[in-house]
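Residues: numbered from 1 along the sequence shown.
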Amino acid sequence: MSADRPLSRARRNVAVLVCAQAILGAQMPVNFIIGGLAGQILAPNPCIATLPISMIVLGSAMTARPLARLMQTHGRQTGFLLAVLAGGMGAAVSAAGLWLGSFWLFMAGSLLTGVYMSAQGFFRFAATDTAPAEFEARAISWVMAGGLASALIGPMLVRLTTDLTAVPFLASYIAVIGLNLLGPFLFAFLDIPKPAPVPEGADQGRPLGQILRDPRILVAMICGMVSYALMNLVMTSTPLAVVGCGFAPENAADIVSAHVLAMFAPSFFTGHLISRFGASRIVAAGLVILAFAGAVALSGVQLSHFFGALILLGLGWNFGFIGATAMLTRAHSPVERGRVQGINDLVVFSGVFLASLSSGRLMNCLGGDPQTGWNAVNLAMLPFLVLAGGALIWLALRPLPSGART
C-alpha cells in the first residue's frame, strides 16, 4: 500500500494542475487572439501592432529564473499564487489602457501578464515533482492536455465579450480578471512540499556553466525554444493575416481555437509515445510537422489553408515542446532542478519574445499586402527548423552517458 502513496499524491497534483491549465490557462488564448487586434487599434504605427503580445512573452522571459528560484525556496504554491495576482493585475492595467486609449499602458498590462505566462510554463515541471520516474512523461503530457479545455474556454470568452462594451475587447480583459480570482481556490488543493534546504557542504549540483555544456540539456533547450518560438511566430500573425485577407474576427477566433485544440489534444497520448519511442524521436516528428505547417500556409490564403496550417502548427508544437521538456527533466538531478528549469524557460521565452517581436514586422511591414507578409512569416521558420534538426542529429551521433535516457 505504501508503494502506491507517492503515485496517489502525484495523480492528485496532476489533477489540480490539469484544472489550473484548463481554467487559468484560458486567459492565454484570450490574450493572443485579441492582443494584436487591440494593438492594431491603439498602436501609433501598424508595424508595432503585435508588440503587446511580445511584451507578454518578454515578461515571461524576464521572470522565468526569479520564479524558478522563488519556487525552489518557498514552494510551487507561493510562485503560482504570485502569478495569478500578476495575471489579474495585468488584465486590469490592459483594460485601463483600452479605456483610456493608451497603447503604452496597454503594453504595461501585457508585461505583467507575462508573469502569469511564465508560471503556467512551470505547471508541466510541477507535475513531475512528486511523480515516480515511470510516471513523469505521462504527468507532463496530462497537464499539457488540460490546455484542451482552455482552447475552448478562451475563444468562447472572446466571442461572448468582444462587443459587450462600447470599447472593443474591454469586457474580455474583465473576464480574464475573473479567471485569475479562481487561482487561490485551485492551488489550495496542491500537495507539493517545499524543497528541502540543501545542507551546508552537501552536493550543490553542477555549476551553471557545466550544466549548459551538457549536450542533452543544450539540445533540449534548443528544441524547446525553436518549437515554441515558431509556434508563436506564426500564431501571433494569424489573426492579422485572417482579417487582412478579408475574413471576420470570428473566423480568426475559430482558427486560433482549432490551433489550440491541436496544441493540447495530442497530449492524451504524447506521454505514451515518448515512453515507447523516446523523447528525441518525438521531438524530431514535431519538427517535421512544423515544416509541413509552413508548407500548407505558403500554399494559399483560403480559410482551409489557415485551418490546416494552424492545426499542424499546434500538433508540431505539442510533440516538439513536450518531447523537449521530457528530455530536459531526464538530464538533471533534483538539486539542479530550479537552476535548470529557470534557465531553460529563460532561453525558451527569450526565443519566443524575439519571434513575436519579428512576427508583426514581417506581417505588416514586409511587402504591400497581407499575403506577402503572411508568406514572409512562414518562410522565416526554415532556418530555425534546420538549427533544431541539426542539434538533434548532433546529439544522436554522440555516445550517451551511462544510464541516460533519450
ask   = Do the side chain of Asn251 and the main chain of Ala248 share a donor and acceptor less than 3.5 angstrom apart?
value = yes
remark   = Those residues at least two apart in sequence (or on a different chain) that pass salt bridge (charged side-chain N to carboxylate O under 4.0 Å, His left out) with Arg159 are Asp254
key: Evaluation steps, side chain to side chain donor-acceptor pair (under 3.5 Å), between Thr270 and Asn318   = CA-CA 8 Å; Thr270 307; Asn318 182 281; 2.7 Å; yes
request  = Working to the nearest 0.5 Å, report the span between CG of Leu190 and CG of Asn13.
outcome  = 5.0 Å
request  = Could you tell me the separation between the CZ atom of Phe353 and the OG atom of Ser54, rounded to the nearest 0.5 Å?
outcome  = 6.0 Å
request  = Give, for atom CG of Leu328 and atom CG of Leu218, the distance between the pair rounded to the nearest 0.5 Å.
outcome  = 11.0 Å
Under 3.5 Å donor-acceptor, Thr329 side chain and Ala326 backbone = yes
note = Separation between CG (Asn31) and OG (Ser110), nearest 0.5 Å, reads 7.0 Å
query = Parallel, tilted or perpendicular: which fits the ring planes of Phe306 and Trp374, with parallel below 30° and perpendicular above 60°?
reply = tilted
query = For the residue pair Phe106 and Trp99, is the inter-centroid distance of their aromatic rings smaller than 6.0 Å?
reply = no
message = Applying salt bridge (Lys or Arg N to Asp or Glu O under 4.0 Å) as the test, list every pair that has at least one member in residues 111-126; sequence neighbours left out.
response = Arg124-Asp345
message = Whether the side chain of Ser150 engages the backbone of Gly147 through a donor-acceptor N/O pair (distance < 3.5 Å, no angle test) should be reported.
response = yes
Separation of Met107 CE from Leu42 CG (nearest 0.5 Å) = 10.5 Å
ask   = Just by modelled atom types, is the Ala61 backbone N or O under 3.5 Å from a matching donor or acceptor in the Ser350 side chain?
value = no
key: Interatomic distance, Gln27 atom CD to Ser172 atom OG [nearest 0.5 angstrom]   = 13.0 Å
task = May I ask you to decide if the ring planes of Phe125 and Phe122 are parallel, tilted or perpendicular, using 30° and 60° as cut-offs?
result = tilted
message = I need the full list of salt bridge (Lys or Arg N to Asp or Glu O under 4.0 Å) pairs touching residues 15-26, with sequence neighbours left out, sorted by first then second residue.
response = none
